[in-house]
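In what follows, a structure is listed as structure tokens, so that the remarks can point back to it.
FYI, side chains are in, hydrogens and waters are out, and symmetry mates aren't considered; it's all heavy atoms of this structure. Heads up: numbering here begins at 1 and tracks the sequence. All values derive from a computational prediction rather than experimental measurement.
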Amino acid sequence: MKLDITTLDGEGAGSVELDEAIFGLEPRPDLLQRMVRWQLAKRRAGTHAVKNRSEVDRTRKKLYKQKGTGNARHGAASAPQFRGGGRAFGPVVRDHGHDLPKKVRALALRHALSAKAKDSTLIIVDDVKITEAKTKGLVERFEKLGFVSALIIGGAEVDVNFGRAARNIPQIDVLPVQGINVYDILRREKLVLTRAAVEALEARFK
């Protein structure tokens, strides 16, 4: 698979041959769904909690005698049915993460890359370096290139000026190649890879 390379100014910069084993697969929605679910579950804090009847600060004294009142047989005011009582079956602190094999995660990333390539929303740029960290100038460049919603993947390190200029632009995410992930790829309309990012990804999967 061959794609043209462009610059941030919209000029041609040659072409690149993409590995079919990484960018030419038939996307599997089931793999992508499993990976996104795994990522979102892993990022959950799991710190939600409520007080049950053993933790609420109320008297343990029996409300009234067991027999003879005609009322229900209650033992303590901390029962869930009373106002101020404990919560029944409430959330507890726990880990929401679940296991997903490493090979499945790697395969899901390749399918996400292939999905962008199949939809013609994969863009290859020569480099993402600018001389000044000016958001206005970068917005003008993005408008010419049609980058409204895009994930931009740089090399091992993202250019400091480019990262600072792009971080204030809505729906534009910038990550180093080590941070590429399925969820961020799918949540943006276009995937923009630098030449260095393509080389790093091909080296990673070989």
Compare all side-chain heavy atoms of [X] with those of [Y] and state whether any distance is below 4.5 angstrom.
X	Y	result
Leu193	Leu201	yes
Gln171	Arg188	yes
Val182	Leu32	yes
His48	His96	yes
Lys118	Glu26	yes
Arg195	Glu199	yes
Leu109	Ile185	yes

Please check if the side chain of [X] supplies one atom and the backbone of [Y] the other of a donor-acceptor pair under 3.5 Å.
X	Y	answer
Glu17	Met1	yes
Lys116	Glu189	yes
Trp38	His98	yes
Ser149	Lys190	no

| said: Taking NZ in Lys51 as the centre, count heavy atoms belonging to other residues, nucleotides or ligands within less than 6.0 Å. Is the count above 12? | reply: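 It does not: Lys51 NZ has 12 such atoms or fewer within range.
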
| Greater than 12 external heavy atoms within 6.0 Å of Asn71's CG | yes

Which distance, rounded to the nearest 0.5 Å, do you find between the [atom1] of [X] and the [atom2] of [Y]?
X	Y	atom1	atom2	value
Arg60	Arg58	CZ	CZ	10.0 Å
Ile153	Leu175	CD1	CG	4.5 Å
Gln33	Arg28	CD	CZ	12.0 Å
Asn181	Leu151	CG	CG	7.5 Å
Phe23	Leu122	CZ	CG	6.0 Å
Lys134	Asn161	NZ	CG	10.0 Å

Ignoring hydrogens, what is the shortest heavy-atom contact between [X] and [Y]? Give both atom names and the distance.
X	Y	result
Ala108	Met35	CB-CB, 3.7 Å
Gly24	Ser114	N-OG, 3.5 Å
Gly90	Val50	CA-CG2, 3.6 Å
Val93	Ala49	CG2-CB, 3.9 Å
Thr135	Ala165	OG1-O, 3.0 Å
Lys2	Ser15	CD-OG, 3.8 Å

| field | Asp9 bridged to Arg141 by N-O distance under 4.0 Å | value |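 So Asp9 pairs with Arg141 through a salt bridge.
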
| task | May I ask you to decide whether Arg187 forms a salt bridge with Asp173, counting only side-chain N to carboxylate O separations under 4.0 Å? | result |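 A salt bridge is present here (some side-chain N lies under 4.0 Å from a carboxylate O).
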
| Residues clustered with Val192, ILVMFWY side-chain links under 4.5 angstrom | Leu8, Ile123, Val125, Val128, Ile130, Leu138, Val139, Phe142, Leu145, Phe147, Ile152, Val158, Phe162, Ile169, Ile172, Val174

| task | Scan for ring pair (Phe, Tyr, Trp, His ring centres under 6.0 Å) pairs involving residues 75-95, sequence neighbours excluded, and state none if there are none. | result |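 Passing the test, one end in residues 75-95: His74-Phe82.
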
| Do Ser54 and Asn52 have side-chain atoms, one donor and one acceptor, less than 3.5 Å apart? | yes

| side-chain contact (heavy atoms from CB on, under 4.5 Å), paired with Leu107, selected from Lys103, Arg110, Arg105 |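 Testing each of Lys103, Arg110, Arg105 against Leu107, the sole residue satisfying side-chain contact (heavy atoms from CB on, under 4.5 Å) is Arg110.
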
| request: Please test Arg204 against Ile180 for side-chain contact (heavy atoms from CB on, under 4.5 Å), starting from the C-alpha separation and ending with a verdict. | output: CA-CA 12 Å; Arg204 173 177 172 178; Ile180 190 170; 3.7 Å; yes

